[in-house]
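Please read the structure below before turning to the comments.
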Amino acid sequence: MKFEVLKRSHLKRKIIIGLFVVAVISATILNFTRAKYRITQSIPLATGTINYKRDTIKPVISNVISSVSKTSITVNVTASDNEGLAKYYYSINNGIYTESTLNSHTFNGLTAGTSYTVKVYVADTSGNESEVKISTIKTQSDVKTMQEILAGYNKSTRTDFSTTVTASTTKTVYSATDWTNKTSYYFAGNPTDNWVSFAGFYWRIIRMNGDGSTRLIYNGTSTATTGDSTLTRTSQKFNTKYNKSYYVGLSYSTTQHGTGTPSDILRTLDGWYQSNLASYDVKIDSSVGFCSDRNMASGYTWSAQPSSTIYYAAYQRLQRNKSPSLECSSSDVLKIPIGLITADEVAYAGGVYGTSNNGYYLYNGITYWTTSPSRVYSSGDANVFFVNSSDSLNYDYVDNTYGVRPVINLKADVKFTGSGKADDPFTVSS
């Protein structure tokens with residue numbers, strides 16, 4: 001009887017030991033199987049130890065998608081982790097990170113047409129952090145018509161045109177009534193914000209016409225403001241014919257206000273236009289036209305072959321009275337896509353007859369023609385105003401050779417981006 005009890009005791013002990021061994025082996029196998037996903041550490045206790053797991057796998061950002069407005073950038077983040085994501089972190093232009101539980105974030109109060117550096121990273125539930133994703137994102141450009149742009153400029157008027165204007169007039173335009181009988185806003189002095197990039201060339205804004213179109217004068221393929229590059233041609237006759245009064249016309253016939261025959265300089269302008277701007281004519285306005293004011297000064301009567309010197313109205317306005325005008329008789333407005341600046345527009349910009357001015361935006365150090373007639377001598381020698389190399393107004397025979405500086409008008413509905421600065425010119429929006 002004692003033997004049987006002892007035998008049962010031994011059997012029981014063997015079963016317990018066997019179960020223990022099986023448990024140890026199972027635990028060991030499980031540990032090896034999951035070892036790549038965790039690290040086991042031991043915390044000593046007074047009566048034993050507790051084992052715990054620590055995740056060391058970093059979350060991964062697979063994509064960052066952005067959407068923009070003129071004043072905001074929104075980023076959406078796609079990320080993953082083996083155990084779960086907990087936090088998203090967002091920063092703009094190296095600023096302090098914003099912590100969020102959302103995978104989308106919007107930066108507000110930004111500047112239109114500006115590039116920003118956006119940084120994003122995420123963290124999982126164990127505190128592991130992903131690599132930082134860096135993106136350069138640009139807000140939408142502020143697209144406006146020139147009328148909308150100039151609405152934000154200071155408006156002023158000028159009454160004294162006897163002295164040159166050289167002041168920095170950034171963010172300022174001046175008003176005058178033009179031949180559309182509406183208010184035109186022109187630039188004067190030395191503004192830094194009337195640059196335009198169009199058709200592969202740089203231009204300066206002369207004025208916004210009364211009908212909302214924008215008048216530009218050629219500056220070349222760079223923002224260099226002086227030298228031959230500011231002209232399309234440095235040596236050009238206004239007209240090879242000179243011994244009749246009507247040869248002062250950009251387009252002329254044998255009458256005072258006649259048209260139909262292009263002058264030599266108009267042929268040159270048209271040839272350049274066909275080669276360089278014709279493909280952009282959907283944005284160029286031909287309806288506002290160019291003034292070739294052939295009205296006579298008070299006290300003078302037009303004659304094709306005068307017996308004594310006769311003077312045109314522009315001579316009286318600019319040389320005698322120092323009082324320019326943007327008005328023009330309808331018979332002298334040529335509805336063409338390209339032309340020249342008027343002598344009156346030069347005066348509005350800050351030029352003065354007979355006075356040098358190398359401090360206003362039209363100064364380029366090179367002589368170039370205007371489209372305004374000045375006088376005709378009794379010998380029949382026709383004269384037209386030009387801007388000389390020191391940028392004062394003067395006049396000379398039409399068969400002399402001076403530079404060509406084209407002028408165009410962009411349509412009122414053309415929209416622009418940019419600030420008008422030389423390094424960020426108003427650029428015609430596509």
Side-chain angles (χ1 to χ4, degrees), residues 66-73 92-93 107-118 136-156 167-174 184-209 211-226 229-230 276-277 279-285 288 338 341 345 349 360-364 405-430:
S66 63
S67 59
V68 300
S69 71
K70 293 179 183 179
T71 59
S72 68
I73 294 174
I92 190 166
N93 279 2
F107 300 97
N108 291 305
L110 308 182
T111 302
T114 303
S115 293
Y116 291 89
T117 300
V118 174
T136 300
I137 305 171
K138 188 175 183 178
T139 53
Q140 285 182 354
S141 297
D142 197 6
V143 182
K144 294 180 178 179
T145 64
M146 189 52 60
Q147 190 168 18
E148 291 171 327
I149 291 170
L150 295 187
Y153 278 52
N154 298 318
K155 308 297 191 303
S156 187
S168 175
T169 53
T170 300
K171 279 291 181 184
T172 299
V173 289
Y174 301 85
S184 179
Y185 293 99
Y186 65 89
F187 285 85
N190 191 25
T192 61
D193 54 353
N194 68 335
W195 286 95
V196 171
S197 175
F198 173 65
F201 302 102
Y202 288 95
W203 310 75
R204 304 298 291 270
I205 301 174
I206 299 172
R207 60 188 173 104
M208 187 185 75
N209 303 310
D211 68 347
S213 59
T214 305
R215 184 170 298 243
L216 311 177
I217 188 167
Y218 180 84
N219 190 82
T221 56
S222 75
T223 55
T225 56
T226 59
S229 66
T230 59
N276 296 278
L277 297 182
S279 60
Y280 299 90
D281 62 2
V282 68
K283 296 184 182 297
I284 296 173
D285 193 336
V288 64
I338 190 167
I341 194 170
E345 287 171 331
Y360 73 148
Y361 77 91
L362 289 178
Y363 174 73
N364 68 351
R405 200 171 185 186
V407 173
I408 61 173
N409 298 293
L410 295 182
K411 292 181 178 179
D413 61 356
V414 169
K415 294 186 177 182
F416 301 84
T417 62
S419 64
K421 307 288 187 180
D423 59 355
D424 182 33
F426 293 126
T427 300
V428 174
S429 173
S430 56

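One-based numbering along the sequence shown.
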Could you go step by step and tell me if F416 and V428 meet the side-chain contact (heavy atoms from CB on, under 4.5 Å) rule? CA-CA 5 Å; F416 301 84; V428 174; 3.8 Å; yes

Before giving the answer on side-chain contact (heavy atoms from CB on, under 4.5 Å), spell out for R215 and V407 the whole-Å C-alpha distance, their side-chain angles and the decisive distance to 0.1 Å. CA-CA 7 Å; R215 184 170 298 243; V407 173; 3.5 Å; yes

Exercise: identify the closest heavy-atom pair between K70 and T139: O-CB, 3.6 Å

Under a 4.5 Å cut-off applied to non-hydrogen side-chain atoms, are F107 and Y116 in contact? no

Quick check against the 3.5 Å criterion: does S184 have a side-chain atom that pairs as donor or acceptor with the backbone of M208? yes

So, for T223 and A422, which heavy atoms are closest and what is the spacing to 0.1 Å? CG2-O, 3.6 Å

d(I92 CD1, L110 CG) to nearest 0.5 Å is 4.5 Å

On a heavy-atom basis, which atom in P406 and which in I338 lie closest, and how many Å separate them? CB-CD1, 3.7 Å

Nearest 0.5 angstrom please: S419 OG to D424 CG, how far? 3.5 Å

So, T172 versus S156: side-chain donor-acceptor pair below 3.5 Å or not? no

Other residues, nucleotides and ligands only: do more than 12 of their heavy atoms fall within 6.0 Å of CD on Q147? no

From Y360, Y153, Y174, residue fulfilling ring pair (Phe, Tyr, Trp, His ring centres under 6.0 Å) relative to Y186: Y174

Do T169 and P191 have side chains that approach each other closer than 4.5 Å (heavy atoms only, starting at C-beta)? yes

N209 and its side-chain contact (heavy atoms from CB on, under 4.5 Å) partner, picked from T214, D285, N409, L410: N409

NZ of K415 to CD1 of I149, rounded to nearest 0.5 Å, is 11.0 Å

dist D413:CG -> T145:OG1 (nearest 0.5 Å) comes out at 8.5 Å

So, taking the atom named CG in L362 and the one named CD in E345, what distance separates them when rounded to the nearest 0.5 Å? 9.5 Å

K138 atom NZ: more than 12 heavy-atom contacts under 6.0 Å: no

Verify side-chain contact (heavy atoms from CB on, under 4.5 Å) between I284 and F198, making sure each step is shown before the conclusion. CA-CA 11 Å; I284 296 173; F198 173 65; 4.1 Å; yes

Working for ring-ring contact (aromatic ring centres under 6.0 Å, His included), residues W203 and Y218: CA-CA 5 Å; W203 310 75; Y218 180 84; 5.6 Å; yes

Which distance, rounded to the nearest 0.5 Å, do you find between the NZ of K171 and the CG of L150? 8.5 Å

Which heavy atom of A112 sits nearest to which heavy atom of S141, and what is that distance? CB-C, 4.4 Å

Show, in sequence, the C-alpha distance, side-chain angles and deciding distance for F187 and Y361, and conclude whether the ring-ring contact (aromatic ring centres under 6.0 Å, His included) test is met. CA-CA 9 Å; F187 285 85; Y361 77 91; 7.0 Å; no

What heavy-atom pair brings Y185 and K155 nearest, and what distance separates the two atoms? CE2-CD, 3.6 Å

State, to 0.1 Å, how close S222 and N219 come at their nearest heavy-atom pair, and which atoms those are. O-ND2, 3.0 Å

Side-chain donor or acceptor of D193 paired with backbone N/O of T170 under 3.5 Å: no

